[in-house]
Colleague: 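Before anything else, here's the structure in question.
Protein chains get the first letters and strands the later ones, always in sequence-line order, with residue 1 at the start of each. All values reported here derive from a predicted model rather than from experimental measurement.
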Number of protein chains: 2
Amino acid sequence: MASRSGPTLNMIASALDVSVATVSNALSGKGRLSAELTKRIRDKADELGYTPSQAARALRTGRSRVLGLVLPDIANPLFPQIAQAIEYAASTAGYGILIADSRGSVAMQTDAINRLIERDVDGILIVPRLGTRIVDVGRPLAVIDSPSTPNSTVSADHWQGGQLVMEHLVSLGHRHIVLIGNNPSSNVQNDRIGGMRSRLPPGGRAQVLWIEQHEDICGKGAPLQLVERVNAGATAFAAVSDLHALRALTELQNAGIPVPARVSVTGFDDLAWSAMITPALTSVRMDVASIARLAIEALLQAIESDPPGTTGAVTAETSSVPMTLVVRQTTAPPFVPINNQNAPEGEPA
Amino acid sequence: MASRSGPTLNMIASALDVSVATVSNALSGKGRLSAELTKRIRDKADELGYTPSQAARALRTGRSRVLGLVLPDIANPLFPQIAQAIEYAASTAGYGILIADSRGSVAMQTDAINRLIERDVDGILIVPRLGTRIVDVGRPLAVIDSPSTPNSTVSADHWQGGQLVMEHLVSLGHRHIVLIGNNPSSNVQNDRIGGMRSRLPPGGRAQVLWIEQHEDICGKGAPLQLVERVNAGATAFAAVSDLHALRALTELQNAGIPVPARVSVTGFDDLAWSAMITPALTSVRMDVASIARLAIEALLQAIESDPPGTTGAVTAETSSVPMTLVVRQTTAPPFVPINNQNAPEGEPA
DNA sequence: CTGAAAGCGCTTACAG
DNA sequence: CTGAAAGCGCTTACAG
């Protein structure tokens, strides 16, 4: 009953009058066969367009060669980048990616994980919901978040990214900077803000403006009252995300404050539209390809070292990947006494 | 070798001294067993935390209960919404979603499809790349694009969405409108533009501004020269995507043209940040949940009617789902003689 | 109403 | 160097 569409090992075997075991070995390169037979078998397999049955292989080996990817509220526009990079890294390694969305709540995150496990994934990649600590899912696990997250496996070095931003703003001459975030309990945001602060020169001011706290990253709502900040002397707005930067930018422009002539705006994550708007946003990019590759590597290692059927341990080593600054606004603050427009080295105070 | 982590039918069977066949029947409700035995078996299964082996089931039945989702260049921010809705609809129906990204080229789209087929997906959902016509992938297929796309299965009614936008602008008193798109060969964009045009009253002007054509939806590049259009009398900019609307909005603001006091800007797709910027964007939303549900339904029907192993036919019936207008800018054009601010019914010309 | 048996397609010791 | 055989966990006729 219920036969497959494609040819099977059996069909190759009988076409060549050899055993299935021999065909299997030839294709996998495991038993040592004569080079001649191996070639004949491989040619026949190609000719027939043989594809191994994942189901049979999985049943036999106890491994599905499928990984689960659990993402938090998908409203976060970073999702596509990560999903794309993970899918690429996984398929390069011969694995498929089953997605599961944990939108809404921590409970749904648990559901998502369970759904994946029921589908026999070999391991799970997760970008955890805020404040969640994923401990043991009974399967090898890789956590992608921030270096500050307990048992994180891989992440961007958000702190260092923050340093890049502040160094850049300071080199332009900015000394009074408003940092914008929306969630004081997000490790990612705190790392970015911490990094920025750590590079503020003596005498500089950097106050954090926490916009209203929403579960999802894009809080709608009351204006941020940025004009007051400008009047108070702020010359730069450094947001922890391009989303917040966009919100700040449009609000400033709407209030008639020219950007970047009067104030600069920077963000994080270099989202799809960041280069496209006017003015384009200076931003900091994570190396999603490397993060994905490292996450997959760590996960596969955990999978391959644990015998199937074992309750896999959480992978232990944490690595953090440097971020890159993408400069698109290079205007110096207008009222700081500096000599030239382009990034003076000195400290004009 | 390579046993599973969880309990098997066999373990339940021997714990209860019945046969595996009986356990299988009890759990699936297929053979008719005594209510009493059925209950005992189910309780035992729950107690042991039984999860069926997908691999074994797939091998036996010839169905993996996994669907593939192929997405075009993921730079399109609509992706998360769709992926989320599809994943939800699929998991409700007991299916998993394996993702494959066709970023870059048509060749990669083919690769993506092949990767999914090699993983034995039961069917494929695809948002095709521009200009691609997916004909036969040897597996049931559902195409999500525009009603104008040949063999589309489900899509939003982009034409009707365009009508909503134009009706709204016209009701506010706008008569000179610039339509913004970036790809004249996109069915989606053409439908939206066609719909908008179809509702332009006699005497109204609606010229299309095609911004430079990129594979990906967010073309960076030269300014759009919108100020000239404003000087020429345009009072509204209606883009085929929030992305283009954002680009227009920031460019106008940057040029010192107040939005929406002087001109209005509308988009499409109601992206995450559309409500958050200043001013918020009037937009048109697709009902992704319904689209996903219909796509999954059509696909599952095709899967269930074709015996496994058959080259599944492309599903035939096309349905299109109405879009919804989300009004966020209600300012009438300043120099059109109208009586009140809020959407006069007459035609002030 | 319940069970014995075959078989889905593969891989892996093991024997020849 | 190659093959016969067992078995992964399930489902489905079929027999009792």
Colleague: Using whole Å, report how far CG of A/Leu27 lies from C1' of D/dT2.
Modeller: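 Rounded to whole Å, this separation is 16 Å.
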Colleague: Can you tell me how far C1' of C/dT2 sits from CG of B/Asn25, to the nearest Å?
Modeller: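 Whole-Å distance recorded here is 9 Å.
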Colleague: Any side-chain N or O of B/Ser24 less than 4.0 Å from the OP1 or OP2 oxygen of D/dT11?
Modeller: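 Affirmative; the distance criterion is met.
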Colleague: In the structure I gave you, are the side-chain heavy atoms of A/Ile126 and A/Gln109 within less than 4.5 Å of one another anywhere?
Modeller: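 Yes; the side chains approach each other to less than 4.5 Å.
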Colleague: Among residues 14-22 of chain B, which contact DNA chain D at a heavy-atom distance under 4.0 Å?
Modeller: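 Those residues are B/Ala21.
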Colleague: Please state how far atom CZ in B/Arg65 lies from atom C1' in D/dG9, giving the value in whole angstrom units.
Modeller: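 It works out to 17 Å between those atoms.
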Colleague: Can you measure A/Arg63 atom CZ to C/dT11 atom P for me and round it to whole angstrom units?
Modeller: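 Whole-Å distance recorded here is 14 Å.
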Colleague: Are B/Arg115 and B/Asp111 close enough, and set up right, to give a salt bridge (Lys or Arg N to Asp or Glu O under 4.0 Å), and what steps lead you there?
Modeller: CA-CA 6 Å; B/Arg115 248 180 287 144; B/Asp111 289 353; 5.6 Å; no
Colleague: Do B/Ser155 and B/Asp145 pair up side chain to side chain, a donor and an acceptor below 3.5 Å, judged on atom types alone?
Modeller: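 No, B/Asp145 and B/Ser155 have no side-chain donor paired with an acceptor closer than 3.5 Å.
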Colleague: Could you grab the distance from atom CG of A/Leu300 to atom CG of A/Leu67, nearest 0.5 Å is fine?
Modeller: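 Between atom CG of A/Leu300 and atom CG of A/Leu67 there are 6.0 Å.
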Colleague: Need to verify one output field. Residue with the more 5' nearest nucleotide on DNA chain C, B/Leu37 or B/Ala56?
Modeller: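 Its nearest nucleotide lies further toward 5', so the answer is B/Leu37.
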Colleague: Are the charged groups of A/Lys39 and A/Asp43 less than 4.0 angstrom apart, N to O?
Modeller: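 A salt bridge links A/Lys39 with A/Asp43.
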Colleague: Roughly, in whole Å, what's the span from CD1 in B/Ile12 to P in D/dC10?
Modeller: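 Atom-to-atom, B/Ile12 to D/dC10, this comes out as 8 Å.
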Colleague: Roughly how far apart are A/Arg119 CZ and B/Ile97 CD1, rounded to 0.5 Å?
Modeller: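 So the CZ of A/Arg119 and the CD1 of B/Ile97 are separated by 9.0 Å.
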Colleague: Dot-bracket, 5' to 3', for DNA chain C please: Watson-Crick or G-U pairs under 3.5 Å, [ ] where pairs cross earlier ones, | where the partner sits on another strand, dots elsewhere.
Modeller: |||.||||||||.|||
Colleague: Roughly how far, to the nearest 0.5 Å, is CG of B/Leu125 from OH of B/Tyr95?
Modeller: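 If we round to the nearest 0.5 Å, B/Tyr95:OH and B/Leu125:CG are 11.5 Å apart.
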Colleague: Between B/Asn187 and B/Thr149, do the side chains contain a donor N or O and an acceptor N or O under 3.5 Å apart?
Modeller: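 Yes, side-chain donor-acceptor contact under 3.5 Å.
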Colleague: Do B/Asp120 side-chain atoms and A/Gln54 backbone N/O form a donor-acceptor pair below 3.5 Å?
Modeller: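 Such a contact is found between B/Asp120 side chain and A/Gln54 backbone.
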Colleague: Which part of the nucleic acid does A/Ser34 contact within heavy-atom distance under 4.0 Å: base, sugar-phosphate only, or nothing?
Modeller: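 Touches sugar-phosphate only.
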Colleague: Output yes when at least one side-chain N/O atom of B/Arg57 is less than 4.0 Å from OP1 or OP2 of D/dG9, else no.
Modeller: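 For D/dG9, neither OP1 nor OP2 has a side-chain N or O of B/Arg57 closer than 4.0 Å.
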Colleague: Report the distance from atom CD of A/Gln54 to atom C1' of D/dC8, rounded to the nearest whole Å.
Modeller: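 It works out to 15 Å between those atoms.
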Colleague: CG of A/Leu9 versus P of C/dC10: gap in Å, rounded?
Modeller: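 About 4 Å, once rounded to whole Å.
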Colleague: Please give, in whole Å, the distance from C/dT11 P to B/Leu59 CG?
Modeller: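 Atom CG in B/Leu59 sits about 12 Å away from atom P in C/dT11.
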